[in-house]
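Structure record follows, encoded as structure tokens.
Side chains included, hydrogens not; waters and symmetry mates left out as well; all remaining heavy atoms used. Sequence positions, counted from 1, serve as the residue numbers for this chain.
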Amino acid sequence: MSATSAHPHPRRWAALLFISIAQLMVFLDSAIMNIALPSAQDALHFSDGGRQWVITAYGLAFGGLLILGGRLSDLLGRKRTFTIGLVGFALASALGGAATNLGVLLTARAGQGVFGALLAPSALALISLTFTDPKERAKAFGIFGAIATAGGALGLLLGGVLTQYLNWRWSMLVNIPIAVIGIVGAITVIQDIPTEGKRTRLDVPGAILATLGLVALVFGFAEAESLGWDSGLTITMLIASVILLVAFVILEGKLKSPLLPLHILTERNRAGAYLSVALAVISMFGMFLFLSYYLQLVKGYSPIETGVAFLPLAAAQAFGSMVLGTRLTGRMRPGLLMSGGYLVTAIGVLLLVLLREDSSYALLAVAEIITGLGIGTAFMPSMSLGTHGVGPEHAGVASAMVGASQQVGGSVGTALLNTIAASSSATYLLSHTHGKTNTNAALVHGFSTAYWWAVGFLVLSALISLVAVNAPRSSHHTTETAKVPEMVI
């Protein structure tokens, strides 16, 4: 038994609290600006195109730099990069809160993405290396998974409250006190696990290829949403992303100290977790997007009412992750638990197909609860498996792959499902021109079509989890990870 296993960090639960609070900031920020954007646009006087870039600037920096951020955390130490990420995120948020024009706001959003890409994999790696006991590890990832899955819904609520009762700038400034709490915890409580051996050089060519490839991928899908799939820029970016990422994989296979060791991707349990999460997030991002549109455009909800309407989903996600996922982890193998969770999520999304213009909120609430319970249960073991069997020297980059899966899935989901919904709505309007034009009916019809696709992606996630993930129950499958510290202490 390793020293770490025999004598676990005595303040590990306090460390988890601070890590989770800091990570919540990253997840909140991906959604909170969606509500605040109209007010920011009115205050800073920028165009609708500029509004899209406020979201895209964050996504490009965050998604493009995740793998590099994960590798830096392995080389420099997770605690150090976690703290640097918090400080940088707070400074970028302060800049955004004080923005006087679109250029400053975009710089701040990109800065948030850069430091978020350093913070996110560091946080997940710290949890993976701090909790080595199987039961405690399941609980820790249950809490972390609840925050990860509920952050988007809470971001919508917080964005509505801050925008309606204060002003849009607080959607940026609210990150500062959260970051300060995280920094205090990082300095006083959080403990890192050092890695042995000589310090390796950073794979600069690999970092460039990975960053450019992911940026091109995220940018390509963002342009597909705004310009269409047949746009020359969209096609160019997507082709460039494929070429750059293939070149990255070829390069990594030839280097002794690669940015992303290929064994991180080729182990079937980790690969199954990454792919199933990416496909599930496609559906979840689409669900958030279309429910926001439905509630505000069709039902006439205010921003804060929209945020409140998402609370059943957030609560159910937290319960699914912290209670159901944690308790079932010791009784079922992860593949079965993930597959079952994704199928339950698919049932919840399927209920959304039934929504009409005059549907009651009760139907929506039931769908949210079922969806939340399923995705919360599925994401808990998925996040844990993202670092399954990985030594401390690669924990950061393996954690980054979990984040990259979510970011890519979100980019694809937003662009693909939005295109499907828009096309379906347009077809509906053309086929109903003989009567009174009903824009709301067309919107709802488009959302329903997109929900069917979302169900399909969730079923595919369930199938991949069932076939690819063959790790045994947590009482056994975390043993390898629990022994990892023997390699370094």
4.5 Å side-chain heavy-atom contact, [X] and [Y]:
{"X": "Ile19", "Y": "Ile127", "value": "yes"}
{"X": "Ile208", "Y": "Val204", "value": "yes"}
{"X": "Phe46", "Y": "Leu105", "value": "yes"}
{"X": "Ile178", "Y": "Leu24", "value": "no"}
{"X": "Tyr342", "Y": "Phe457", "value": "no"}
{"X": "Leu458", "Y": "Leu343", "value": "no"}
{"X": "Phe379", "Y": "Val281", "value": "yes"}
{"X": "Met380", "Y": "Met322", "value": "no"}

If you look at every heavy atom in [X] and [Y], which pair is closest and at what distance?
{"X": "Pro121", "Y": "Leu66", "answer": "CD-CD2, 3.9 Å"}
{"X": "Gly64", "Y": "Val215", "answer": "CA-CG2, 3.8 Å"}
{"X": "Leu86", "Y": "Gly182", "answer": "CD1-C, 3.4 Å"}
{"X": "Leu238", "Y": "Leu217", "answer": "CD2-O, 4.1 Å"}
{"X": "Leu173", "Y": "Ala94", "answer": "CD2-CA, 4.2 Å"}
{"X": "Ala280", "Y": "Ile375", "answer": "CB-CD1, 4.2 Å"}

For the backbone of [Y] and the side chain of [X], can you confirm whether one donor and one acceptor N or O come within less than 3.5 Å of each other?
{"X": "Ser405", "Y": "Tyr274", "answer": "yes"}
{"X": "Gln112", "Y": "Phe89", "answer": "no"}
{"X": "Arg268", "Y": "Ala471", "answer": "no"}
{"X": "Thr81", "Y": "Arg78", "answer": "yes"}
{"X": "Ser276", "Y": "Ser461", "answer": "no"}
{"X": "Asp74", "Y": "Arg71", "answer": "no"}
{"X": "Glu252", "Y": "Leu262", "answer": "no"}
{"X": "Ser339", "Y": "Leu336", "answer": "no"}
{"X": "Ser241", "Y": "Ala216", "answer": "no"}
{"X": "Arg109", "Y": "Ala61", "answer": "no"}

Against Met401, only a single residue in Leu265, Leu124, Val277 fulfils side chain to side chain contact (heavy atoms under 4.5 Å, CB included); can you say which?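 Among Leu265, Leu124, Val277, the one meeting side chain to side chain contact (heavy atoms under 4.5 Å, CB included) with Met401 is Leu265.
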Drop me the distance from [X]'s [atom1] to [Y]'s [atom2], to the nearest 0.5 angstrom.
{"X": "Leu417", "Y": "Ile420", "atom1": "CG", "atom2": "CD1", "result": "5.5 Å"}
{"X": "Arg80", "Y": "Thr83", "atom1": "CZ", "atom2": "OG1", "result": "9.5 Å"}
{"X": "Thr326", "Y": "Leu328", "atom1": "OG1", "atom2": "CG", "result": "9.0 Å"}
{"X": "Leu313", "Y": "Met284", "atom1": "CG", "atom2": "CE", "result": "5.5 Å"}
{"X": "Met338", "Y": "Asn269", "atom1": "CE", "atom2": "CG", "result": "8.5 Å"}
{"X": "Leu60", "Y": "Thr211", "atom1": "CG", "atom2": "OG1", "result": "12.0 Å"}

Test side-chain contact (heavy atoms from CB on, under 4.5 Å) on Leu279 and Ile464; report intermediate values, then the result. CA-CA 10 Å; Leu279 290 170; Ile464 290 171; 3.4 Å; yes
Could you check, using the six-membered ring where one of them is a Trp, whether Trp229 and Phe221 have ring centers closer than 6.0 angstrom?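 Yes.
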Could you check Phe219 against Leu214 for side-chain contact (heavy atoms from CB on, under 4.5 Å), going step by step and ending with a plain yes or no? CA-CA 8 Å; Phe219 184 77; Leu214 288 172; over 6 Å; no
Hey, is CZ on Arg327 packed in by over 12 heavy atoms from elsewhere, all under 6.0 Å?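 No, because the 6.0 Å sphere around CZ of Arg327 holds 12 heavy atoms or fewer from other groups.
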Side-chain donor-acceptor pair under 3.5 Å between Thr345 and Thr371, yes or no?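 Not at all, the side chains of Thr345 and Thr371 share no donor-acceptor pair under 3.5 Å.
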Applying ring-ring contact (aromatic ring centres under 6.0 Å, His included) to Trp13 and Phe18, what does each step give before you reach the verdict? CA-CA 9 Å; Trp13 292 107; Phe18 286 111; over 10 Å; no
Quick one: do Trp168 and Gln41 satisfy side-chain contact (heavy atoms from CB on, under 4.5 Å)? Show the steps, please. CA-CA 10 Å; Trp168 70 269; Gln41 181 180 8; over 6 Å; no
Using the rule given for side-chain contact (heavy atoms from CB on, under 4.5 Å), can you reason through Leu102 versus Leu44, listing the C-alpha separation, both sets of side-chain angles and the distance that settles it, and then say yes or no? CA-CA 7 Å; Leu102 178 61; Leu44 300 182; 5.7 Å; no
